[in-house]
2 protein chains.
Amino acid sequence: MTRQILIVDDHQLFLEGLRFVLSQTPEVSIVGDALNGYKALEMLASYRVDWVLMDVNMPHCDGVEATKQIKKLYPHVKVIAVTMLDDYVSIQQMVKAGADGYILKNTGSSELHRAFETIEKGEVYYSNAILNTILRRPVATPQKSTTKLHQWLTAREKQIIPLLVEGLTSLQIADKLYVSESTVISHRKNILHKLNLKNTSALVKYALEHQLV
Amino acid sequence: MTRQILIVDDHQLFLEGLRFVLSQTPEVSIVGDALNGYKALEMLASYRVDWVLMDVNMPHCDGVEATKQIKKLYPHVKVIAVTMLDDYVSIQQMVKAGADGYILKNTGSSELHRAFETIEKGEVYYSNAILNTILRRPVATPQKSTTKLHQWLTAREKQIIPLLVEGLTSLQIADKLYVSESTVISHRKNILHKLNLKNTSALVKYALEHQLV
DNA sequence: AAACTTATCCCCCCTAAGGGGGATTTTTTG
DNA sequence: CAAAAAATCCCCCTTAGGGGGGATAAGTTT
C-alpha cells in the first residue's frame with residue numbers, strides 16, 4: 001500500500017531535495033508540503049496522510065508543538081523528525097512529543113529508506129548519528145571506582161540492598177523476606193564487610209552510584 | 001572473510017544460546033567463550049579475534065573495564081555490548097569505554113544480524129530498544145520545579161547532608177565543623193523531620209536523587 | 001521592641017546499628 | 001561424594017541513631 005507523505009519544512013531547498021529523493025522511492029507518494037506546523041495541521045485536516053516528515057525548528061509553530069498536536073488529533077499518523085539539530089534536548093522533546101523516528105538532514109537517502117522500513121514495521125527509528133551526541137553527555141553521577149567490589153555479593157545480599165536503600169530497618173526487611181532479624185543483620189554485616197563500608201549510609205550511597213538498586 | 005568471534009558472558013545458558021544462533025550465521029565462527037573480562041583478555045592474547053560480544057555485568061572484571069582494556073590493547077577488535085541492562089549509565093559507560101554496538105539480550109537474532117551488518121560497514125550500532133530508556137530520562141528543566149521539600153533547609157543543614165551521605169558519624173561531622181556532637185544530632189533530627197524521612201539511609205537516598213550533594 | 005529564625009548546646013530514654021564471635025542446614029560446585 | 005559457599009540463626013557487647021523535649025545567644029524581619 002502506497003504511503004501518503006506530508007513534508008513539513010521551512011527550507012524550500014531542502015524540501016525540494018526531499019521531494020526528489022521520495023519520488024525515486026517506491027510505495028511512497030507525496031501529499032504535499034507545509035512551511036510550518038500550522039500549515040501542516042491544515043493539510044492533515046483535508047487529506048489522508050500516513051507519514052509526516054517533520055522539521056524540528058520552524059517559525060510560527062515548531063516541530064515539537066506540531067508533533068504533539070498531530071499525535072493528539074491523528075494518532076495513527078507516523079511522524080518522523082528530520083532535522084539539522086542533534087542536541088539532546090531537541091531529540092528528547094521530539095520523542096516526548098510522540099515522534100516515531102528521528103533522522104538528521106545530513107544523512108543520506110539510504111538512511112531515510114531504512115527509517116521507512118523500520119517504521120513500517122511499527123517500530124521506532126532513530127538515526128545512529130544522533131546517538132553519539134546523546135551518549136556523550138556528562139555522566140550524572142561521577143564514578144571513579146575501577147574495581148567493582150559488589151560483584152562478590154550473593155543473590156540474597158543483593159536482594160537486601162534495595163530494601164536498606166529504602167530506609168527499612170533490619171526487622172522490617174526480615175518480615176518482608178520471612179526470615180529472622182538476626183539473618184538480616186548478618187547479611188548486612190557481610191555486605192558492609194565485603195564492600196569495605198563503614199555504615200548503611202555509605203552503603204546506600206554506594207548502591208545508588210553503582211546501580212545496585 | 002569469516003569473522004572470528006569471542007563471547008564473554010557469565011551466564012552459561014545465554015552463552016550456549018548465542019553459540020547456537022551464531023552457528024546458524026554465515027561468515028562467522030566462534031573462537032571461544034570467556035566467563036569474565038580477565039578470561040576474555042587472556043583469549044585475546046592467544047587467538048585472532050575480530051569481534052567480541054561482551055556482557056556488561058560480570059564478576060571479577062566487568063564489561064566496561066574489559067572493553068576499555070580491549071580497545072586499548074587491540075583497537076581493531078570490534079566490541080559489541082550484549083546486556084540485560086538498559087539503564088542510562090551502563091550504556092553510556094560502555095560507549096565511553098569504546099563499544100562499537102549495544103544490543104539487549106531480549107532482542108531477537110535478527111537484531112544481532114543487523115548489528116553485524118552495521119558494524120561490518122564500520123559504523124556503530126545501537127539497539128533501538130535502548131533508546132527509549134535513554135530518552136525517557138527526566139529532562140533537565142530547572143524552571144518547572146514543583147514544590148521541593150528541601151528548599152526549606154537552612155545552609156547549615158545543607159552543609160551537613162553531604163557529610164551524612166559520605167557515611168560520617170555525628171561525632172566525625174562535629175569535629176569537621178568545630179561544633180559539638182549534640183549540634184550535629186540536632187541538625188540531623190531537624191533535617192529528617194523537615195523532609196519527613198525515617199532515617200539517615202532514606203536521607204542519603206533522597207539527597208542523591210535530588211542532587212543535594 | 002517584639003517576633004521570628006538560625007545555630008548552638010543540653011537532657012532523658014530507647015531502639016537500631018555494628019563488631020566480634022559461633023553454629024547449623026541447605027545448596028552449589030569441583 | 002566431599003568440599004566450599006551460602007543462608008540461616010544465635011550469643012555478647014558497644015556505639016550510633018532517633019524521638020521527645022528544652023534552652024540560649026545572635027541575627028533578621030516585621
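Sequence lines set the chain letters: A, B, ... in the order given, protein chains first and strands last, and positions in each chain run from 1. None of these values were measured; they are calculated from a predicted model.
Here the P atom of nucleotide C:dA17 and the CG atom of B:Leu168 are 19 Å apart, to the nearest Å. Atoms CD1 (B:Ile185) and P (C:dC13) sit 16 Å apart, rounded to a whole Å. A straight line from CD1 of B:Ile191 to C1' of C:dT6 spans 13 Å, rounded to a whole angstrom. In this structure, CG of A:Asp175 is placed 14 Å from P of D:dT8, rounded to the nearest angstrom. Rounding to whole angstrom units, CD1 of residue B:Ile173 and P of D:dA16 are separated by 12 Å. One interatomic measurement links the two molecules: CG of B:Leu197 to P of D:dG18, which rounds to 10 Å at whole-angstrom precision. Rounded to whole angstrom, the span from the CZ atom of A:Arg156 across to the C1' atom of C:dT27 amounts to 13 Å. Straight-line distance from the CD1 atom of B:Ile160 to the P atom of C:dT6: 14 Å, rounded to whole Å.
Listed nucleotides C:dC11, D:dC9, C:dA7 differ in distance to B:Thr154; the shortest reach to its side chain belongs to C:dA7. Listed candidates were D:dG19, C:dT8, D:dT8. Nearest to the side chain of B:Val179 is C:dT8. For B:Ser186, counting side-chain heavy atoms from C-beta on, the closest listed nucleotide (D:dG18, C:dG21, C:dC9) is C:dC9. Closest contact between the side chain of B:Thr169 and the listed nucleotides D:dG17, D:dG18, C:dA17 involves D:dG17. With D:dG21, C:dG18, C:dA7 as the choices, the nucleotide that has an atom nearest any side-chain atom of B:His187 turns out to be C:dA7.
In summary, B:Glu120 and B:Lys78 do not engage in a salt bridge, as defined by a charged side-chain N under 4.0 Å from a carboxylate O. Under a 4.0 Å N-O distance rule, the pair A:Glu157/A:Lys194 qualifies as a salt bridge. The existence of a salt bridge linking A:Lys68 and A:Glu65 is confirmed by a sub-4.0 Å separation between a basic side-chain nitrogen and an acidic carboxylate oxygen.
Checking A:Ser186 against A:Thr183 by side-chain atom types alone, no donor-acceptor pair falls below 3.5 Å.
Looking at B:Lys198, its side chain has no donor and acceptor atom pair within 3.5 Å of the base of D:dG18. Side-chain N/O atoms of B:Lys189 and base N/O atoms of D:dG17 include no donor-acceptor pair closer than 3.5 Å.
Counting non-hydrogen atoms under 4.0 angstrom, A:Thr183 reaches a base of the nucleic acid. A:Ser182 comes within contact range of at least one nucleobase, with a heavy-atom separation under 4.0 Å.
Annotation for A:Glu166 and B:Ala202: closest pair O-CB, 4.3 Å, computed over non-hydrogen atoms. Contact record, B:Leu6 with B:Val49: CB-CG1, 3.9 Å, taken as the closest heavy-atom pair.
If you take NE2 on A:His187 and CD1 on A:Ile173, they are separated by 10.5 Å, rounding to the nearest 0.5 Å.
Note that the two end axes of the helix from C:dA3-D:dT28 to C:dG30-D:dC1 enclose an angle of 60°, each drawn from 5 base pairs, rounded to 10 degrees.
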